[in-house]
Amino acid sequence: MDLIPAPLTARYVEEWALPLDGDTPLTAGPGTEAVGAWLRSVLGAATGLPLLPGAGGGLELTLDGALAPESYRISVRDGRAVLRGGDPAGVFWGAQTLRQLLGPDAFRRAPLRRTGWALPGCEIEDAPRFGWRGVLLDVSRHFLPKADVLRFLDLMAAHKLNVLHLHLTDDQGWRVEIKRYPRLTSAGGWRERSMVGYRSGERRDDQPHGGYYTQDDLREIVAYAADRQITVVPEIDLPGHAQAAICAYPELGNTDVVDTATLGVWTDWGINPNVLNVSDATLRFFEGVLEELLEIFPAEFVHLGGDECPKDQWRASPAAQARIRELDLAGEDELQSWFIRHFDSWLTARGRRLIGWDEILEGGLAPGAAVSSWRGYAGGVAAARAGHDVVMCPEQHVYLDHRQAAGEYEPIPVGYVRTLEDVFRFEPLPPELDAEAARHVIGTQANLWTEFMNDARDVDYRAFPRLAAFAEVAWSELPASEARDFEGFERRMAVHYARLDALGVEYRPPGGPYPWQRRPGVAGCPSDGPVPGV
Ligand code: ACM
């Protein structure tokens with residue numbers, strides 16, 4: 001039935017089909033009421049049917065303690081559609097499957113027709129392969145307004161993705177209101193101009209841009225996500241990628257090396273030499289940031305970045321060198337490790353866990369830390385073997401800012417060519433991991449860095465259709481890469497494109513970008529090798 005992601009098992013029997021009409025009830029058993037309300041609202045909007053609560057028959061949602069968390073069973077036969085889930089999340093993912101079974105028009109927000117709705121007769125068993133099925137949204141390089149983030153959560157939920165990693169801070173913008181440090185957003189929340197395309201194009205615009213989320217906006221995002229069984233993991237990038245914070249509070253930078261008071265929010269892309277200093281005052285400052293952050297985000301994990309922190313300023317800084325001597329550290333790598341460990345202990349003491357990019361392995365991994373393995377698999381392999389949890393998101397495979405086809409029409413072609421098929425064949429578990437280490441790979445994530453995505457339309461184009469393939473990799477039990485049935489996936493995609501159309505997603509069409517999706521004359525990075533500092 002063209003489900004994406006593919007379920008574990010599915011059997012279809014035509015005679016069991018269940019027509020839905022104005023009298024069909026939707027009954028949500030104990031513990032499934034919120035999912036029932038969600039399903040009634042989306043299917044009610046799309047079909048025009050009331051789907052009122054009843055005493056059974058029609059659509060029935062129930063919890064089933066015999067099923068594992070997040071797993072579900074659907075049985076459409078004998079005049080009923082019974083959805084059982086191991087927990088509310090399982091029921092919710094099953095509800096997403098029911099919606100797909102109703103056909104693409106079930107993804108519209110108002111009915112084109114009120115008749116002719118039917119669920120196909122079927123028995124479906126399903127459960128996710130990975131518990132962390134994530135997407136990173138970089139809302140720093142280009143701010144994504146709240147309404148677009150909420151819409152993106154709906155798109156994630158439709159694909160059974162369950163972790164939104166929100167990259168809230170970077171050199172190019174600070175996006176989370178911190179009440180005790182208002183300049184983080186008033187000064188750090190916008191910039192004067194940007195590079196247009198890749199560095200080699202040497203083009204800039206003069207368009208100020210920016211924005212930030214209030215704490216209440218973020219609470220709304222977190223609650224909206226939770227209603228869709230999605231966890232929001234916030235990222236505050238430390239100690240590199242921090243120029244927006246340094247612009248707002250120049251004392252956070254290496255003031256004995258650079259005149260940080262002259263720094264604005266960065267108007268370039270790439271790896272930035274202006275990193276945080278390592279003073280006690282800077283540690284306290286970010287503890288203050290995190291105190292407010294923990295009040296907004298209930299997630300177990302807090303991402304503290306740790307990537308791409310050039311050590312030049314620390315090498316040149318008498319204060320940083322004095323810190324290295326005082327702590328008896330071997331050098332700047334250990335200094336970064338000490339910095340991250342400080343926040344690892346701080347978060348652990350508050351019942352949370354630190355996750356960081358794989359650079360946090362350099363100089364020694366903090367005891368409780370988990371790792372987002374982005375520079376390939378190696379960091380994740382090392383961390384998993386050392387008993388740390390890992391999210392696999394290697395840039396060579398699942399950086400969705402990278403172009404999805406060769407050819408002159410692909411807009412702002414960055415980095416590797418990674419087609420829909422490449423993403424479909426991505427394998428999160430590298431073969432060198434034994435079963436014990438593999439258990440530490442808690443999941444996988446696709447990352448959407450937005451240097452070259454100005455708005456939600458650009459995000460749609462880069463994310464889709466590849467995020468549908470990624471969702472299948474993260475959710476479904478697939479054979480080894482080379483044995484995967486891409487032709488079958490493409491056939492299912494034919495229907496899935498119609499779902500995305502109904503949702504209003506401006507994906508990359510299979511035949512290539514529409515004229516208005518191209519960016520003629522804007523330089524990209526045409527190499528197919530590693531990309532030095534985008
Ligand atoms: C990263 O792409 N710098 C995590």
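We count ligands from 1, going down the list as the structure has it; atoms in each ligand are counted the same way.
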Per the ring-ring contact (aromatic ring centres under 6.0 Å, His included) rule, which among Trp132, Phe152, Trp357 passes with His165? Trp357
Without swapping roles, check the side chain of Glu235 against the backbone of Leu168 for a donor-acceptor pair under 3.5 Å. no
Taking the basic N atoms (NZ, or NE/NH1/NH2) and the acidic carboxylate oxygens, is any pair closer than 4.0 Å for Arg141 and Glu451? yes
For ligand 1, the residues whose heavy atoms come within less than 4.0 Å (ordered by chain, then number): Asp307, Glu308, Trp357, Trp374, Tyr399, Trp449
May I ask you to check if Arg518 and Trp516 form a cation-pi contact, with NZ or CZ under 6.0 angstrom from the six-membered ring centre and within 45° of the axis? no
List for me each residue that meets side-chain contact (heavy atoms from CB on, under 4.5 Å) alongside Gln215, sequence neighbours excluded, and say none if there are none. Glu177, Lys179, Arg219, Glu292, Ile296
Would Asp434 and Arg385 pass as an ion pair if we require N to O under 4.0 Å? no
